[in-house]
Amino acid sequence: MKEVHSFKLRLLAMVSMTTLFSSCFSHVDPECHMTTPQIIEYYGHISESHNVTTEDGYILTVHRILQKTSSQKGVVFLQHGLLDSSATWVMNTYNNSLGFVLAQAGYDVWLGNVRGNYYSRHHVTLTTKDPEYWDYSFDEHAKYDLPAMLEYVLSKSWHHGSLSYVGHSQGTLMALIEFSRNKKLASKVNLFTALAPVGRVNNAVGAFKLVSDILPEIVAVTDKLGIYDFAPLTPAVSEFAILLCPVIPSICSEVFYVIAGPDQYLNSSRVPVYGSHAPAGTSIKNILHWNQIYLAKQPQMWDYGTAADNLAHYNTTTPPVYQYSGLEVPTVFFSGGNDYLGDPEDVVWLVGQLQSGVLKDSYTYDGYAHLSCLWALNAREWVFDKIIGHLNTVWE
């Protein structure tokens, strides 16, 4: 009798869990199971996917949102941040996703994807199984990925002369690096909008600091296992977020808080969508590079570990430090007072590195964290409408 009773209890538990999860699935946002092009088309736009080959052989996927009208104001390129993808610009609600807001406003919108993320995992000779494929960091994102994508967009768009650039997080670092030194490329960018700008991470806290503290142990394990990619987007990760977040939303929201900082305006109803598209992957070397600049307390190129190796690569025994004083592209900052990665003190430092007159405007919101400029409930009013105002000025 006890065994029968135990079996009935287990059966009841299974039925209850199945019912619970089935209920969750019945209310899942459809974007959870869509790719970026599918989300674009779901909302009635025409999407395009373009392959862009970098100078060093990586094949990147760039997505495009064609607006519903024939109006063409100008070209805007959106570049995601660390461990993210093009989906970040379209996975909030339709009227509160920057990609769609810009398309509604009449702009030709392009969405970048850097090497190694979910949408850009091909190479002309290498595969993701080759260790050499993962031998990159944000050095290469800036040097190769960014120019390749922007030059391609300029060659394909209706406005061949220039474009506007919006970056988030690592997407701002890429631009700060490359626009400061690559004058030819920078001359084709009429506006640089930096969301949660990151020029250094001296004061980063939260998950970033936690990972930094245990990174040597993580790398020791991954080296032994022959793992070179970090936090790739997999079906298991996506489904876990889709299942868990509607049931225990506080846990998923807390994950975002630990990563990005306390967010007073997070749209918690969309957390399952966010979690089904991110993290979207990068290389372990890129994570190590972020950790290097955190420990070095300065934005520098990859440190090869010894004076001799650095000398061989850079003709100097220490990695060169990135200089942002060369930036001449008109720039606008949007930052948050609760940002764990783009700490307010580091943003103030960054402003001080820029030439006088380059920074045209800067908005700081006390309740914003690292992801708020993308997904906050009030992002349309506080961020997107202001971006459009600046864009309209340069494209008028």
Side-chain angles (χ1 to χ4, degrees), residues 28-54 58-72 74-81 83-123 128 141 145-146 148-159 163-168 170-171 232-239 241-242 270 272-282 374-375 384:
V28 158
D29 293 293
E31 299 98 318
C32 287
H33 295 103
M34 294 180 182
T35 62
T36 298
Q38 289 170 339
I39 295 174
I40 294 170
E41 293 171 3
Y42 176 74
Y43 284 107
H45 293 270
I46 298 172
S47 72
E48 292 181 353
S49 295
H50 298 254
N51 290 332
V52 178
T53 303
T54 67
Y58 286 80
I59 302 172
L60 315 178
T61 299
V62 176
H63 296 128
R64 186 183 194 183
I65 306 174
L66 293 177
Q67 55 273 63
K68 299 177 182 179
T69 68
S70 58
S71 172
Q72 286 290 338
V75 184
V76 184
F77 186 91
L78 309 182
Q79 181 54 53
H80 64 77
L83 292 171
D84 210 345
S85 76
S86 57
T88 202
W89 306 107
V90 295
M91 64 180 172
N92 216 9
T93 55
Y94 179 69
N95 290 316
N96 207 30
S97 292
L98 182 58
F100 291 134
V101 171
L102 291 174
Q104 292 172 39
Y107 286 96
D108 184 12
V109 183
W110 295 74
L111 317 174
N113 286 289
V114 295
R115 64 185 66 192
N117 88 344
Y118 180 74
Y119 294 103
S120 296
R121 296 173 66 88
H122 296 284
H123 189 278
T128 54
H141 289 329
D145 295 355
L146 186 60
M149 290 188 289
L150 296 192
E151 292 290 2
Y152 180 89
V153 168
L154 286 167
S155 72
K156 296 295 181 180
S157 65
W158 292 292
H159 298 266
L163 56 75
S164 301
Y165 180 95
V166 180
H168 171 250
Q170 181 179 262
L233 181 64
T234 65
V237 171
S238 295
E239 292 303 322
I242 294 168
R270 297 293 287 184
V273 182
Y274 308 152
S276 66
H277 289 275
T282 188
L374 299 173
W375 304 335
F384 303 164

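Heavy atoms only: backbone and side chains are in, while hydrogens, waters and symmetry mates are out.
- Checked against side chain to side chain donor-acceptor pair (under 3.5 Å), Ser276 has no partners two or more places apart in sequence or in another chain.
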Residue pair Glu31, Tyr43: steps toward the side-chain hydrogen bond (donor to acceptor under 3.5 Å, both in side chains) verdict: CA-CA 10 Å; Glu31 299 98 318; Tyr43 284 107; 2.5 Å; yes
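- Note that the CG atom of Leu83 and the CG atom of Leu233 stand 11.0 Å from one another [nearest 0.5 Å].
- Exactly one residue among Thr36, Asn117, Thr35 makes a side chain to side chain donor-acceptor pair (under 3.5 Å) with Ser86. That residue is Thr36.
- The closest donor-acceptor contact from the side chain of Asp29 to the backbone of Arg270 lies at 3.5 Å or more, if one exists at all.
- The ring-ring contact (aromatic ring centres under 6.0 Å, His included) check on His80 picks up nothing, with sequence neighbours excluded.
- At distances below 3.5 Å, at least one donor-acceptor pair connects side-chain atoms of Ser120 with backbone N or O atoms of Thr61.
- Under the 3.5 Å distance criterion, the side-chain polar atoms of Tyr42 are left unmatched by any main-chain donor or acceptor of Met34.
- Between Arg115 and Thr54, some side-chain heavy-atom pair lies under the 4.5 Å cut-off.
- With sequence neighbours excluded, the residues forming a ring-ring contact (aromatic ring centres under 6.0 Å, His included) with His141 are Tyr136, listed by chain and number.
- If you take CD1 on Ile59 and CZ on Arg121, they are separated by 13.5 Å, rounding to the nearest 0.5 Å.
- Distance alone, capped at 3.5 Å, places no donor-acceptor pair between the Asn113 side chain and the Ser85 backbone.
- Tyr58 pairs by the ring-ring contact (aromatic ring centres under 6.0 Å, His included) definition with His123, Tyr133, not counting sequence neighbours.
- With rounding to the nearest 0.5 angstrom, the CD1 atom of Ile65 is 7.0 Å from the CG atom of Leu78.
- Aromatic ring centroids of Trp89 and His63 lie 6.0 Å or more apart.
- Note that CD of Glu151 and NZ of Lys156 are 13.5 Å apart. Values are rounded to the nearest 0.5 Å.
- Considering only residues two or more places apart in sequence or on other chains, Ser97 meets the side chain to side chain contact (heavy atoms under 4.5 Å, CB included) condition with Asn92, Phe100.
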Candidate pair Trp110 and Met149, rule side chain to side chain contact (heavy atoms under 4.5 Å, CB included), full reasoning: CA-CA 10 Å; Trp110 295 74; Met149 290 188 289; over 6 Å; no
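- With Ser155 contributing its side chain and Tyr152 its backbone, the two residues share a donor-acceptor pair below 3.5 Å.
- Under the ring-ring contact (aromatic ring centres under 6.0 Å, His included) criterion, Tyr118 pairs with no residue, sequence neighbours left out.
- Of the possible donor and acceptor atoms, none in the side chain of Arg64 sits under 3.5 Å from a partner among the backbone N and O of Asp108.
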